[in-house]
Amino acid sequence: MSQEVLVLERVIIIGGGATGAGIARDLALRGLNVILLERGDLASGATGRCHALLHSGGRYVVKDPESARECVSENEILRRIAPHIIEDTGGLFVSLPHDPDDYPDKFAECAKKIGVKLRELDVSDAYSIEPMLRKGIKRAFWANDAVIDPFRLVILNVLDAVRHGAEVRTYTEVISFLREGNHVIGVKVYDRIHGQTYVIKADFTVIAAGAWSGILAEKAGAKVPVTADKGTLLVIPYRIFNTVINRLRPPSDGDIIVPHQLANIIGTTSIPVNDPDMASPSRDEVARMMNAAVELSPAFASVRVIRAYAGCRPLAGEGAHGREASRTFTIIDHEKEGEIWSLMTIVGGKLTTYRLMAERLSEMLISKLGIRSPCATHKEPLPGADGINVEELIKKYKVPSLVARNIMRRWGSLAVDIVNSARVPLDYAVTCACELVSRAEVRYAIRNFFVRKPVDLIRRVGVCMGPCQGLSCILPLLSEYVKEKPDIDVLDELRELVKERWKGSAPVLKAAQLRQWLLTYTLFYSAFRRRTK
Amino acid sequence: MKADVVVIGGGIAGRMVATLLAKKGLTVILVTRGLGATALSSGSFDILGFIDGRLVRDPLEALNRVATNSPEHVYALLGRGREACRIMCKSLGLFKDMIARYLKIEGTFDKNMILPTVIGTLKPCAYAQETMKSGDVNSFNGEHLLIITLKNLVFHEGSELFERILVSGLTPGKVERISHVSIKASGPSLTCSPLTLAKALDKEKAANRFANEISKILASIPGVTRIAIPPVLGVDNVHVVYEILRENVSLPVFELLSSVPSVPGIRLCRALERMSRGAGVKIMTGWEAMKAHVEGNVVRELSVRHELSGSIERIAGEDFVIAYGHILGGLQVLDDSVYEPLLGMTLGSITIFTEPFKTLSFALKIGIKVDDDMRVLIGGEPIGNLYACGAALGGVDPAREGIGMGLALSTAYKVFTSLTS
Ligand SMILES: Cc1cc2nc3c(=O)[nH]c(=O)nc-3n(C[C@H](O)[C@H](O)[C@H](O)COP(=O)(O)OP(=O)(O)OC[C@H]3O[C@@H](n4cnc5c(N)ncnc54)[C@H](O)[C@@H]3O)c2cc1C
Ligand SMILES: Cc1cc2nc3c(=O)[nH]c(=O)nc-3n(C[C@H](O)[C@H](O)[C@H](O)COP(=O)(O)OP(=O)(O)OC[C@H]3O[C@@H](n4cnc5c(N)ncnc54)[C@H](O)[C@@H]3O)c2cc1C
């Protein structure tokens with residue numbers, strides 16, 4: 001273990017979820033020198049395991065007006081700065097026969113007070129929007145909900161931060177804090193890929209580690225009240241609904257269904273857990289949510305669930321109780337608490353409000369550092385946001401239309417760079433047929449999107465996420481990877497990919513998915529076998 | 001409709017039994033829904049590859065041991081020790097001869113070949129399609145291997161990956177050097193499925209062009225001793241394609257064992273279809289067996305449903321044989337249990353483990369129980385005229401144990417002997 005001391009940095013940000021990435025971008029745009037540290041891959045925490053709903057605020061109007069207000073303004077801003085990674089699905093709030101009768105009026109009244117735009121629909125109009133909804137809906141409202149791609153959101157924030165001088169290190173875990181008296185002067189990190197420990201120094205450190213923030217703050221000698229609240233989600237590999245469906249009742253299990261990319265995602269539960277690392281979906285949660293989904297549409301009774309995953313909401317407050325807890329956020333300046341200097345922690349919030357959280361924290365931080373520099377994140381679009389015409393892309397670069405559309409669906413105008421990196425027509429060959437990812441996109445991601453392991457590509461470009469859960473794309477993916485980065489142990493990476501996909505399949509394994517896995521098993525088992533020379 | 005014997009399932013087990021019976025002069029109807037595990041198989045014929053994770057060198061000797069020492073093992077159904085070996089040899093020998101007109105398979109009983117797969121892993125097997133035999137690494141010695149990849153083939157572009165995995169599994173000295181070339185085979189220019197490419201190569205002109213291109217390449221890479229090719233050398237015409245290749249390229253050329261989708265698997269299914277048809281089996285493809293009508297302890301009739309039109313027929317028979325495969329075939333998975341649909345019985349329940357392969361291995365062990373004459377048991381009692389063979393018997397994990405076609409063929413043969421004795 002070497003103890004190498006690196007160059008002095010200005011600000012360390014711990015946590016590569018939406019919050020950390022947002023802070024990195026915000027500070028970098030203001031001209032600060034930042035380094036973002038993430039112990040796993042970008043968006044591997046709550047951000048990559050959430051429901052991906054860009055809230056209109058509707059869900060919170062009754063219980064949590066402050067969060068609702070934040071959602072209203074952020075929803076508008078994000079639609080402006082990140083239109084290419086938002087699908088404007090709209091949202092329906094529906095009241096089922098046995099949902100409380102008084103809730104819809106209360107809901108409409110609160111929404112009006114807060115300024116969440118709603119439109120009550122004729123029930124028949126709701127059915128023409130979503131014909132698969134169950135019969136007998138009592139009332140229906142239309143809201144401004146949308147769907148945002150959390151993986152691309154993080155990567156684009158990081159990409160822009162890096163373009164403005166920031167540095168990012170993934171698989172770099174903060175294991176302790178360096179202190180000089182009461183000052184935090186840096187961190188000690190462990191590189192999980194190379195197995196090395198080293199030190200990074202800074203003038204200021206920010207903990208944005210979601211549900212892990214409490215554990216980290218404690219290591220620095222500070223205290224942060226945060227509760228890890230597990231939520232489980234289920235993936236159906238096709239769309240029964242094309243709008244976000246919410247139930248008009250106090251938030252409960254399985255009452256939101258979100259169309260995301262090619263899938264429908266059913267969520268969610270709310271269970272406080274002690275250790276965010278141990279949060280995994282249980283078969284019992286799966287059953288509860290499927291029942292709730294079937295209440296919304298009988299079509300869910302016969303669907304194939306391909307995956308379940310769980311994330312931990314970082315709720316602000318000690319013993320904060322699941323659905324009762326506010327979804328707003330808290331920024332703690334540990335100096336003010338009289339504990340530690342040069343350290344701040346941010347917890348709580350939502351994906352929808354990540355930018356606002358980053359802005360508030362950055363404001364506080366630069367004023368402490370005595371710097372004046374205005375926020376730009378509400379105005380400056382994220383990379384790829386400047387619209388281009390897909391037909392033009394197809395014509396000018398001779399890209400097969402399906403490939404062009406899918407690259408644009410994920411990357412907006414960054415598609416031009418990706419397409420430019422292709423050399424021969426074969427680069428447009430499809431690596432992942434479920435999610436329609438081309439070889440060019442995979443290769444571009446390996447080179448430009450901070451990929452350190454093949455599994456990162458799942459989050460980066462969506463490979464292995466479809467119905468086959470990697471059966472047909474793991475090999476092409478790995479072979480693309482070794483061409484770019486030859487010094488990996490391919491069998492180790494293959495095993496990791498298969499195991500990673502299994503993790504989400506086990507809780508939902510039923511007939512069709514079991515057969516699917518039988519093929520994966522037969523194909524890959526030989527790679528798991530101990531060497532028999 | 002009426003036949004002496006009604007066979008349910010058109011995989012390797014069903015075709016074997018049906019062909020043997022028809023050759024004996026019995027009237028046989030074979031009802032099959034479509035393709036099953038046989039169509040997904042890699043091209044090898046596995047008798048026994050691993051015991052407790054250890055590589056088996058002599059499958060016959062190992063079979064003898066298993067059938068003698070483990071009465072619980074499905075292989076014990078063939079009989080004790082030598083008897084099991086006799087049945088295995090007899091069934092594979094018969095099969096090899098019966099299918100030879102349509103597909104050539106090669107190998108021996110007493111020594112497993114070790115063949116490379118498209119991933120680069122190595123797999124033991126007793127027999128394999130003729131096109132694969134030269135890949136046996138037992139016979140490698142200081143080779144200069146040329147790996148040919150096909151530019152327009154989806155899935156096989158990973159020769160670096162293949163090389164890495166292959167080399168990590170080989171004993172040093174087997175391969176001294178590896179070269180790669182990538183050529184475009186005939187067929188569509190962007191990536192196409194292995195089956196499309198294989199069908200294109202079925203045409204002699206395309207095969208000749210392909211062989212020419214390879215021999216041209218060989219001229220520019222001196223010292224090559226063996227050539228590996230993705231498994232796409234034709235579907236119906238593989239023998240001719242392989243001959244052309246061998247004539248043009250005077251070096252050992254071999255196909256790698258396939259992953260799914262598998263051209264060798266489809267090739268085998270087409271050959272099986274021709275073999276059984278040639279023997280006079282009446283084949284009903286696209287029909288699913290739904291229910292066996294039992295009176296007393298015999299099956300009188302079988303209800304079958306045409307998958308597309310939905311029409312239902314009843315087939316009467318003296319005897320019935322279940323050969324509908326495992327959960328990729330006729331066995332159903334309902335919630336957490338495996339279910340036999342014809343008689344309506346639950347065979348066992350699946351436990352889900354955190355380790356993926358443990359779960360699947362567990363599920364694969366569940367199957368139809370039979371008596372010494374291969375008659376299906378309900379609650380320990382045999383049904384007088386209902387037999388089962390092949391993957392439907394469960395009891396093995398093909399990937400882990402290296403058992404597959406060998407079990408299907410030998411149990412099919414055993415059913416045949418029970419039925420005709
Ligand atoms: C089931 C579920 C559904 C949700 N649905 C929605 C929704 O639809 N809409 C919405 O707006 N919000 C939703 N949320 C909330 C939203 O996901 C989170 O509020 C948000 O993603 C939190 O982002 P974050 O960056 O703060 O935390 P995280 O994304 O968890 O990021 C923290 C990061 O810190 C890293 N880290 C931890 N320890 C260390 C260390 N020692 N060193 C370095 N790095 C470390 C972690 O690996 C992690 O990547 C949902 C949450 C859950 C759980
Ligand atoms: C991916 C994979 C790869 C394999 N690779 C190899 C290998 O390389 N070498 C090897 O030796 N073994 C291999 N095995 C194992 C081997 O393929 C099987 O053990 C063998 O093919 C089983 O043959 P079968 O005839 O019993 O079943 P199947 O081949 O599954 O045939 C069953 C048939 O029954 C039909 N059917 C199902 N239900 C009904 C119904 N209700 N009515 C009518 N018809 C029905 C199906 O359509 C199918 O045609 C592999 C298995 C798998 C899954």
Side-chain angles (χ1 to χ4, degrees), chain A residues 280 283 400 403 424-426 428-431 433 438-439 468 471-483 486 488-491 493-495 498-499 501-503 505-533, chain B residues 37 40-42 50 53-55 114 117-124 151-152 154-165 168-172 184 189-191 257 259-261 326-328 332-336 350 352-357 359-361 363-364 397-400 402 404:
Chain A
S280 58
R283 280 176 87 85
V403 173
V424 290
L426 272 175
Y428 295 128
V430 165
T431 297
S438 63
R439 217 185 269 184
C468 91
L471 170 68
S472 357
C473 63
I474 282 181
L475 289 182
L477 188 69
L478 269 178
S479 67
E480 218 52 61
Y481 199 91
V482 282
K483 279 180 209 153
I488 57 164
D489 182 325
V490 284
L491 279 177
E493 302 297 341
L494 173 63
R495 288 188 279 252
V498 173
K499 282 194 170 153
R501 291 291 88 186
W502 171 260
K503 205 177 60 198
S505 296
V508 294
L509 214 59
K510 286 265 167 71
Q513 218 48 15
L514 190 73
R515 293 201 180 97
Q516 181 73 58
W517 267 95
L518 197 60
L519 298 187
T520 309
Y521 171 53
T522 317
L523 178 58
F524 292 129
Y525 181 75
S526 57
F528 279 73
R529 197 185 288 287
R530 270 172 291 125
R531 284 268 153 252
T532 45
K533 284 191 183 176
Chain B
L40 298 165
S41 66
S42 70
F50 296 91
R54 298 245 297 282
L55 181 73
I114 311 281
T117 69
V118 288
I119 319 185
T121 51
L122 297 170
K123 185 172 180 231
K151 282 186 189 156
N152 46 344
V154 63
F155 217 66
H156 294 289
E157 75 273 27
S159 57
E160 283 91 346
L161 188 69
F162 169 83
E163 172 176 347
R164 295 262 200 122
I165 300 179
S168 75
L170 280 176
T171 6
K184 187 182 157 303
S189 63
L190 266 186
T191 50
L257 295 191
S259 70
V260 288
H326 204 260
I327 57 179
L328 288 176
Q332 297 176 359
V333 181
L334 303 177
D335 289 325
D336 291 346
I350 299 173
I352 311 273
F353 298 95
T354 48
E355 207 261 292
F357 296 169
T359 310
L360 292 153
S361 200
L364 284 165
D397 174 343
R400 198 177 293 246

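First the proteins, then the strands, lettered A, B, ... as listed; each starts at 1. These numbers come from a predicted model, not from an experiment.
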Would you mind checking which part of A:Leu519 comes under 4.5 Å of any heavy atom in chain B, side chain (CB onward), backbone (N, CA, C, O), both or neither?
side chain
Any donor-acceptor N/O pair, B:Arg164 side chain to A:Ile488 backbone, under 3.5 Å
yes
Rounding to 0.5 Å, atoms OG (B:Ser42) and CG (A:Leu523) come to a distance of 10.5 Å
Please report the interatomic distance CZ(A:Phe524) to CG(A:Leu475), rounded to the nearest 0.5 Å.
4.0 Å
When the 4.5 angstrom heavy-atom criterion is applied to B:Leu334 and chain A, the contacting part is neither
For chain A, which candidate among B:Ile119, B:Thr117, B:Leu40 shows the most heavy-atom pairs at distances under 4.5 Å?
B:Ile119
Applying a strict 4.5 Å limit to non-hydrogen atoms, the region of A:Arg283 in contact with chain B is side chain
Starting at CD1 of A:Ile474, measure out to CG of A:Leu494 and round the result to the nearest 0.5 Å.
6.5 Å
Tell me, out of A:Ser505, A:Ala433, A:Ala511, who's got the most heavy-atom pairs with chain B below 4.5 Å.
A:Ala511
Let me see the working for B:Leu360 and A:Thr520 under side-chain contact (heavy atoms from CB on, under 4.5 Å), right down to the final yes or no.
CA-CA 10 Å; B:Leu360 292 153; A:Thr520 309; over 6 Å; no
How long is the span from the CD atom in B:Glu163 to the OG atom in A:Ser479, to the nearest 0.5 Å?
13.0 Å
Non-hydrogen atoms of chain B under 4.5 Å away: do they reach the side chain of A:Pro507, the backbone, both or neither?
neither
Given heavy-atom pairs under 4.5 angstrom as the criterion, report whether the side chain, backbone, both or neither of B:Ile114 touches chain A.
neither
